[in-house]
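All remarks here apply to the structure that follows.
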Amino acid sequence: SQELEQSPQSLIVQEGKNLTINCTSSKTLYGLYWYKQKYGEGLIFLMMLQKGGEEKSHEKITAKLDEKKQQSSLHITASQPSHAGIYLCGADLEGANSKLTFGKGITLSVRP
Amino acid sequence: NAGVTQTPKFQVLKTGQSMTLQCAQDMNHEYMSWYRQDPGMGLRLIHYSVGAGITDQGEVPNGYNVSRSTTEDFPLRLLSAAPSQTSVYFCASRRLVNTGELFFGEGSRLTVL
């Protein structure tokens, strides 16, 4: 079973459009990480959220951890081709500072 | 700082051969881990360690061994490689206190024929 569910599995958007992707767990998310990966390349750290209701932004990407700490959303404003890639969420599910579990990832394509 | 260094970057093995993927970090991180990445499967945790002398299993530990004799190094051993172990492997580390970013190595692409 997958402890972290990411949705949708894949997404194709037109350049300039906004989009939101999600990461959901039935367990408390003690620490939630978002990473981006270009095909065949390494992982780029986007941001980490720890507190319920916390929201962080980096350039045109905003991530939020809900109050119950069981879901995180990542929102991209005015998408660009450079946003294309695989977005992975990872979390501490067994308490703070425990092993980090990742979801299956979401593949984002941005059409020029 | 070099960060997390993995070697080799590419390796081709025959079924039944053994090999070790090396991982070293120079950030004095307590936590180190190994993941494998397969298409559509995300990152799956193989083994992890929260300090020298301490290791534990992740989601997919079968066929892999690890040890943590020093804070800096966390090698992953394949004792008898199988085609199902063809994958991209990532080593990662982070602090345990005031936990922050999980730092990843560049990945090691392993093919087992």
Side-chain angles (χ1 to χ4, degrees), chain A residues 1-11 21-25 27 29-51 54 56 58 63 65 69 85-108, chain B residues 2-7 9-10 23 25 27 29-51 54-61 66 68 74 87-111:
Chain A
S1 66
Q2 192 72 24
E3 293 182 302
L4 278 180
E5 295 284 344
Q6 292 192 246
S7 61
Q9 282 188 319
S10 62
L11 190 58
I21 58 177
N22 296 296
C23 178
T24 304
S25 174
K27 298 181 178 181
L29 303 170
Y30 288 94
L32 190 287
Y33 295 75
W34 281 103
Y35 283 84
K36 178 190 169 187
Q37 185 181 32
K38 290 283 194 183
Y39 180 75
E41 298 181 11
L43 292 112
I44 300 166
F45 175 71
L46 295 176
M47 53 198 90
M48 177 192 175
L49 305 165
Q50 288 184 299
K51 299 175 184 176
E54 186 176 11
K56 288 187 178 178
H58 176 68
L65 183 60
K69 294 176 64 174
I86 300 171
Y87 288 80
L88 290 149
C89 70
D92 294 294
L93 297 176
E94 298 180 5
N97 307 328
S98 64
K99 61 183 179 182
L100 214 61
T101 300
F102 281 84
K104 291 187 177 182
I106 294 168
T107 301
L108 172 65
Chain B
V4 179
T5 303
Q6 285 181 237
T7 56
K9 285 188 169 48
F10 300 94
C23 177
Q25 52 91 10
M27 297 171 281
H29 286 167
E30 299 92 346
Y31 179 94
M32 295 187 73
S33 53
W34 278 102
Y35 294 88
R36 59 177 288 173
Q37 186 176 36
D38 304 291
M41 299 298 292
L43 292 171
R44 292 185 291 171
L45 182 64
I46 304 171
H47 286 284
Y48 67 102
S49 168
V50 296
I54 305 168
T55 63
D56 208 343
Q57 296 181 350
E59 304 166 62
V60 289
V66 291
R68 185 93 181 270
F74 192 45
S87 188
V88 179
Y89 293 84
F90 287 97
C91 179
S93 74
R94 67 173 178 176
R95 295 190 305 266
L96 275 185
V97 178
N98 296 322
T99 307
E101 177 182 346
L102 182 69
F103 290 83
F104 281 89
E106 293 183 349
S108 299
R109 185 174 294 274
L110 175 66
T111 301

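In what follows, every heavy atom counts, from backbone to side chain, and hydrogens, waters and symmetry copies are set aside. Not measured: the values here are computed from a predicted model. Lettering of chains follows the sequences in order, A, B, ..., and the numbering in each one begins at 1.
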**Asked** Can you check side chain to side chain contact (heavy atoms under 4.5 Å, CB included) on A:M48 and B:L102, steps first, answer last?
**Response** CA-CA 9 Å; A:M48 177 192 175; B:L102 182 69; over 6 Å; no
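Each side-chain hydrogen bond (donor to acceptor under 3.5 Å, both in side chains) pair with one or both residues in residues 35-46 of chain A, not counting sequence neighbours, appears once here: A:Q37-B:Q37.
Only the side chain of B:L45 has a heavy atom closer than 4.5 Å to any heavy atom of chain A. Of the two parts of A:L100, the backbone and the side chain both hold a non-hydrogen atom closer than 4.5 Å to a non-hydrogen atom of chain B.
Taking CZ of B:R94 as the start and OH of A:Y33 as the end, the distance is 4.0 Å to the nearest 0.5 Å. Taking CG of B:L43 as the reference point, atom CG of A:L4 lies at 11.5 Å (rounded to 0.5 Å). For the atom pair NZ of A:K104 and CZ of B:R44, the computed distance is 9.0 Å after rounding to the nearest 0.5 Å.
Ranked by heavy-atom pairs under 4.5 Å with chain B, the first of A:G103, A:S10, A:G42, A:G90 is A:G103.
Qualifying side-chain contact (heavy atoms from CB on, under 4.5 Å) partners for B:T55, counting only residues two or more places apart in sequence or in other chains: B:S49, B:V66, B:R68, B:F74.
Using a 4.5 Å heavy-atom threshold, the side chains of A:L43 and B:Y35 count as separate.
Counted within 6.0 Å of CZ on B:R109, heavy atoms from surrounding residues, nucleotides or ligands total 12 or fewer; the atom is thus considered open. Counting non-hydrogen atoms of neighbouring residues, nucleotides and ligands closer than 6.0 angstrom, the CD atom of B:E101 exceeds 12 such neighbours.
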